[in-house]
Amino acid sequence: MREKADLIFKRVRSQHLLLGLLLLVCGVAAAQAPAPEPATLYILNREIVTMRGVFDGVTPSQRVEQARARLLGLPKSDVDLPIRKVTAEFGETRGVQFFLGEHLLFGVLQGDVDAAARQSFDALVKQTGERLEEARAAWHELNDRPRMLRGLLHALVATLLFVLLVWVVYRGGGAGLRSLEGWRDKLAARHTHVDLGEFIARVVVGSVQVVQWLLIAVLGYAWLRYLVGSFMATAPVARHLDHWLWARMVWLVDGLFASLPGLVTIVIVLVITRAIADAVGYVFEAIHQGRLRLPLVHPETTTATRRMVSIVVWGLGLAVAYPYLPGASSDAFKGLSVLFGLMFTLGSTGLVTQAMSGMVIIYSRALRKGDFVELNDVQGVVTEVATLATKIVNVRNEEITIPNSVLISSPIRNYSKLAGTQGTLLTAKVTIGYDAPWRQVHALLIGAARKTPAVRSTPVPFVYQRALSDFYVEYELFVSIDRPLERIPILSALHANIQDEFNAHGVQIMSPHFFAQPPSAVVVPKEQWHAPPAQSPS
């Protein structure tokens, strides 16, 4: 019997422990439960009261919905009934119920007081009653036809005045802008370079445009503010507009003052970066002019090296200044950074390939601006060696752009590279029959070369016999010239002198081929060298 009693006692004690633990857990959960969100009751765009307390399990938002349903259900004939306040006690909760006559509107609880505003419960009740009276006055004005007509008349007059003022600002500003633009264009036509007066004129024109649209925006706000404030029902919206605009102005001013230290830091960083970039530019300019020499830095590559070093310097400067930009830590800046990074990553493959190819061309010093070259079966003068492509102007005055990735995969023949030492070699090929003595052919070719003015006397022109074909011997004349940019006209003059020499000595040039040897040499007699319309030399 005693053992049975002990067993029952243990079971009861364990149940009590479980019950206590359950109550403790419920208490902790209740303590950690979030407070309900406040809800505000509005009547005709007017804030009546903000409810924060929970009554009998009804949340603030549910209390507002109940109050709104009661207000919508009121008959119009009872609008002028007196507003009564009835104090009520709900256990430990104190409250005041608002009645319109005998119609219950809503209740205000002690828990509705905003602790942060340090407002008493009595002050909250008084404020709620005053706002109800304002809402009733607004309802009367809204349903008063003469007042409504007066408000519409005021709104119409304000609209006409707004349209007139906007037209005056737009037309007057347009006339002033046209006059200023004419002044700016006269200054621009007077100078062939950028002038300070022209720059000031452009700043003035842009500023007048900004002021013009700013005045239109101010007029639009004033018109909207007056239009909304002309009616009792929408007057709170006008006040909200004022509060919103004032809050934005305060936010801008506060943000400006808060950003001043960061902006000053950015200016200091950029000034230092500019000074470093200028110093680097001075060093590379001295190297390019030959006044300074540094190991592994050639004058031909100073432009590209200076550009790369400047990019690195400015990149480091911007990286240091970026955190001090206003809003640099905001989600918008972070999102833009991610977007630009993704775009650069996806679209930079071809760009990087071209840039690296350009660096290979520049640092191999294969060509430079002004060289006469042959690139990818194109002969011409190099006008630009850029990071992504090289531009060449050929003899027909056509600008040809060759991507650097294509350029490095084909041979580069630079006819100007060695022009300062022994000159640039120029060749001319002729095919002569076996009946002509080769010594005579050599002499004729060298004589034609000496008669060409642009051909150098040293090194001496020379001839090679390149091939012994079935019908002719192929000779190639090598000469040196000092002006590689004039390669094509010099070659044309050399060809002309070769024809004259061979014609004068009766030696036949075997191009084009003959199927049968003619009975006499195919040459042009000297007396026909200047047949019309050719002119005889003076």
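- Taking every heavy atom of both residues into account, T40 and V64 meet most closely at O-CG1, 3.8 Å.
- To the nearest 0.5 Å, atom CZ of residue R131 and atom CG of residue L41 are 10.5 Å apart.
- Residues L270 and W314 form a side-chain contact, since some pair of their non-hydrogen atoms from C-beta on lies under 4.5 Å apart.
- Counting heavy atoms from C-beta outward, D114 and T50 have side chains that stay 4.5 Å or more apart.
- Inter-residue side-chain proximity for V313 and I311 is flagged as unmet; no heavy-atom pair is nearer than 4.5 Å.
- Counting heavy atoms of neighbouring residues, nucleotides and ligands inside a 6.0 Å radius, atom CZ of R68 exceeds 12 of them.
- The backbone N or O of G53 sits less than 3.5 Å from a side-chain atom of R63, completing a donor-acceptor pair.
- Of all non-hydrogen atoms in T159 and A155, the two that sit nearest each other are OG1-O, 2.7 Å.
- Between the CG atom in L165 and the CG atom in L161 there is a gap of 4.5 Å [rounded to 0.5 Å].
- Using cut-offs of 30° and 60° for the angle between ring planes, the F162 and W223 rings count as parallel.
- Counting only distance, with no hydrogens or angles, the side chain of T383 and the backbone of K391 share a donor-acceptor pair below 3.5 Å.
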request  = Tell me, with the steps shown, if F121 and V108 meet side chain to side chain contact (heavy atoms under 4.5 Å, CB included).
outcome  = CA-CA 9 Å; F121 179 69; V108 178; 3.9 Å; yes
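- Taking every heavy atom of both residues into account, V169 and L215 meet most closely at CG1-CB, 4.1 Å.
- Within the model, atoms CG of L318 and OG1 of T273 stand 7.0 Å from one another, a figure rounded to the nearest 0.5 Å.
- E399 pairs by the side-chain hydrogen bond (donor to acceptor under 3.5 Å, both in side chains) definition with nothing, not counting sequence neighbours.
- Taking both residues in full, the closest heavy atoms of M51 and G107 are given as CE-O, 4.1 Å, listed atom of the first, atom of the second, then distance.
- Side chains of V382 and T390 form a contact here, defined as non-hydrogen atoms less than 4.5 Å apart.
- No donor-acceptor pair closer than 3.5 Å links the side chain of E130 to the backbone N or O of Q127.
- Atom-to-atom distance recorded for Y324:OH and T265:OG1 is 5.5 Å, nearest 0.5 angstrom.
- L124 places a side-chain heavy atom less than 4.5 Å from the side chain of V49.
- Annotation: side chain of V393 is not in contact with side chain of E398 (no heavy-atom distance under 4.5 Å).
- Separating the CG atom in L104 from the CD atom in Q66 is a distance of 9.5 Å, to the nearest 0.5 Å.
- Taking 4.5 Å as the limit, some side-chain heavy atom of I83 sits within range of a side-chain heavy atom of F98.
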message = salt bridge (Lys or Arg N to Asp or Glu O under 4.0 Å) for K126 and D122? Distances and angles first, verdict last.
response = CA-CA 6 Å; K126 181 181 178 182; D122 294 335; over 6 Å; no
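- When all heavy atoms are compared, the tightest approach of T401 to A389 is CG2-CB, 3.6 Å.
- Salt-bridge annotation for R84 and E102: present, with a side-chain N of the basic residue lying under 4.0 Å from a carboxylate O of the acidic one.
- Here the straight-line distance linking atom CG of L316 with atom CD1 of I272 works out to 13.0 Å at 0.5 Å rounding.
- Atom CZ of R248 has more than 12 heavy atoms from other residues, nucleotides or ligands within 6.0 Å.
- Residues meeting the side-chain hydrogen bond (donor to acceptor under 3.5 Å, both in side chains) test with Y221, sequence neighbours left out: D242.
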request  = Go through the steps to decide whether I402 and I400 satisfy the test side chain to side chain contact (heavy atoms under 4.5 Å, CB included), and finish with yes or no.
outcome  = CA-CA 6 Å; I402 303 177; I400 302 172; 4.2 Å; yes
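- Side-chain N or O atoms of Q97 include none that pairs as donor or acceptor with a backbone N or O of K85 at under 3.5 Å.
- V269 and A321 make their closest contact through CG1-CB, 4.1 Å (heavy atoms, listed as atom of the first residue, atom of the second, distance).
- Taking the side chain as every heavy atom from C-beta outward, F106 and T128 approach each other to under 4.5 Å.
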